[in-house]
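Written below as structure tokens is the structure these notes are about.
None of the values given here were measured: they were computed from a predicted structure.
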Amino acid sequence: MPQLGSLLTRFHPGSKDSESPHQTPALPEFLQRVRKLTGLRKEDVYCNLRVPDQFQNTKDDINIVILAGHGIFCIDVKPWRGSVSANKHNWHAQVKDVDQNFSNTCIEQFEDPLKAITTKTANLCSHLKRSGVSVRQSLFFPRVVFLSPDCQLDEELRKRRELLSHHQIDDFLASFRGGYVAWLSDAMTPSWISGHLSYRQMEAVREVLRRVGTWDLVRLHDGEQLRGDYQGCKFIALNRQDTDTLEFSGTKTLSTDSLWALLGHTPQVTVKMYKRGSDGWLGKTLNATATIPSNTFVIFRVSGEEADAKIPANSIHSITLSE
């Protein structure tokens, strides 16, 4: 079972990205941009959906799913930099870092993102059918968005309409804005004539997408975030149907824990569990509270890992549980 320290290098954004003269937005920031530029309602934009495949496995997710009258768009978002090219099996990003004294070229290798999002899009189509919602396959559109202005696709990749470079993003998102005439046309034209999704189909798709799971999220005190599946903690009993957030408070550093141990005390962490869906102007409703030893391990399966990780409770700021 891997310890926390061995995981951080895999999930911490690389230093190369932070050295870019352009700041690449993170997925939450891009999601806000999507909602602003498309003008779509909250229930028509979904994030990090874990759509099961034919074997009911959910090892991967679709970053963003947009539901519109003219189709269902499945979008994966990449923060890559450099010159991007593709061969038969993998894609490569050639990044050149220039310093005052020297320049260094690094070639990073990635799995084919277009193949991945195409597969996940097909899985979503199949999942809707298994859930009793039939939507023509021609109304599903896989897309890969490259957020960084420092990412240049080679000539062959630029020909693929499924791939969107930084300068194409705003026009793509603005294309979802439909005026009154378009709304009236969709309302009065049968879907079998317009080729669009009917209102009844869209509501049925929304109902299925609302039930699709996302990732649990662990936020650490040092700012790291880990996506995956919360497996449990031996001192915490909860029903995740009733609980959506766990907040940890108490000693935050090993040095503080060591001091308490020298004084003969066992350092403690207080865990507050908040009721699911209880957000209001007075804040969230407290479900339960537990006090646990600070060296207790929380068991968490990080996305992409084959084994559970043991995360010390005193390093955790909060855990958000998906539905």
Side-chain angles (χ1 to χ4, degrees), residues 2-31 33-34 47-50 58-64 74-121 123 142-169 172 215 217-218 220 222-228 301-307 309:
Q3 298 290 324
L4 175 65
S6 65
L7 297 169
L8 296 187
T9 55
R10 278 173 246 179
F11 292 89
H12 184 71
S15 59
K16 291 186 180 70
D17 287 338
S18 61
E19 291 169 3
S20 168
H22 305 283
Q23 187 65 39
T24 302
L27 181 59
E29 295 167 339
F30 180 67
L31 182 62
R33 187 174 167 191
V34 168
C47 187
N48 293 332
L49 290 188
R50 300 172 65 185
T58 54
K59 292 185 177 180
D60 207 349
D61 64 303
I62 303 174
N63 290 157
I64 294 176
C74 300
I75 304 169
D76 270 352
V77 176
K78 303 298 179 186
W80 300 355
R81 292 194 307 126
S83 300
V84 177
S85 58
N87 60 28
K88 189 174 296 185
H89 302 291
N90 296 298
W91 289 33
H92 297 94
Q94 182 173 311
V95 183
K96 188 173 184 179
D97 290 319
V98 179
D99 201 351
Q100 292 180 349
N101 301 319
F102 64 92
S103 64
N104 180 47
T105 299
C106 173
I107 298 179
E108 299 181 80
Q109 182 172 285
F110 303 96
E111 293 184 4
D112 184 340
L114 183 52
K115 179 181 178 181
I117 189 60
T118 301
T119 299
K120 289 184 286 187
T121 301
N123 287 341
R143 294 290 185 267
V144 181
V145 171
F146 298 91
L147 293 180
S148 175
D150 297 325
C151 179
Q152 298 87 35
L153 303 181
D154 71 11
E155 184 177 355
E156 289 302 314
L157 293 180
R158 287 197 298 269
K159 296 176 182 178
R160 302 298 300 265
R161 63 179 181 177
E162 301 95 340
L163 308 178
L164 298 170
S165 297
H166 175 268
H167 70 277
Q168 299 172 298
I169 295 175
F172 168 68
W215 299 104
L217 182 67
V218 172
L220 305 179
D222 63 2
E224 296 286 348
Q225 297 186 9
L226 304 175
R227 294 188 315 162
R301 175 68 62 88
V302 177
S303 168
E305 295 295 321
E306 296 297 328

State, yes or no, whether a side-chain contact exists between F146 and H166 at a heavy-atom distance under 4.5 Å.
-> no

Any side-chain heavy atom of W80 within less than 4.5 Å of one from V95?
-> no

Minimum-distance pair of heavy atoms, taken over all atoms of Q168 and L164 = OE1-CA, 3.4 Å

Do N48 and W215 have side-chain atoms, one donor and one acceptor, less than 3.5 Å apart?
-> no

Quick one: does N63's side chain have a donor or acceptor within less than 3.5 Å of a partner on V77's backbone?
-> yes

E162 side, atom CD; D76 side, atom CG - distance, nearest 0.5 Å | 13.0 Å

Any side-chain heavy-atom pair from P113 and W91 closer than 4.5 angstrom?
-> yes

Return the set of residues passing salt bridge (charged side-chain N to carboxylate O under 4.0 Å, His left out) with D60 (not counting sequence neighbours), or none when no residue passes.
-> K120

Smallest separation among heavy atoms of L31 and C47, with atom names = CD2-CB, 3.9 Å

I117 side chain near V144 side chain, heavy-atom distance below 4.5 Å | yes

Heavy atoms, side chains only, cut-off 4.5 Å: are V145 and I169 in contact?
-> yes

Residue pair C106 / E108, side-chain heavy-atom distance below 4.5 Å | yes

Any residue meeting side chain to side chain contact (heavy atoms under 4.5 Å, CB included) with Q109, in chain and number order, not counting sequence neighbours = N90, H92

Kindly indicate, with the supporting measurements, whether the criterion side-chain contact (heavy atoms from CB on, under 4.5 Å) is fulfilled by V218 and R227.
-> CA-CA 7 Å; V218 172; R227 294 188 315 162; over 6 Å; no

Shortest non-hydrogen contact between V302 and A309, atoms and distance | CG2-CB, 4.4 Å

Please name the pair of heavy atoms, one in R81 and one in S148, separated by the smallest distance, quoted to 0.1 Å.
-> CG-OG, 3.6 Å

So how far is it from I107 CD1 to Q94 CD, rounded to the nearest 0.5 Å?
-> 4.5 Å

Quick check: does any side chain N or O of R158 sit under 3.5 Å from a backbone N or O of L153, one acting as donor and the other as acceptor?
-> yes

Check: H167 main-chain N/O paired with S165 side-chain donor or acceptor under 3.5 Å | no

About how many Å separate CD of E29 and CG of L147, when rounded to the nearest 0.5 Å?
-> 9.5 Å

Under 4.5 Å between any side-chain heavy atoms of C151 and V84, yes or no?
-> yes

pair I62-I75: side-chain heavy atoms closer than 4.5 Å | no

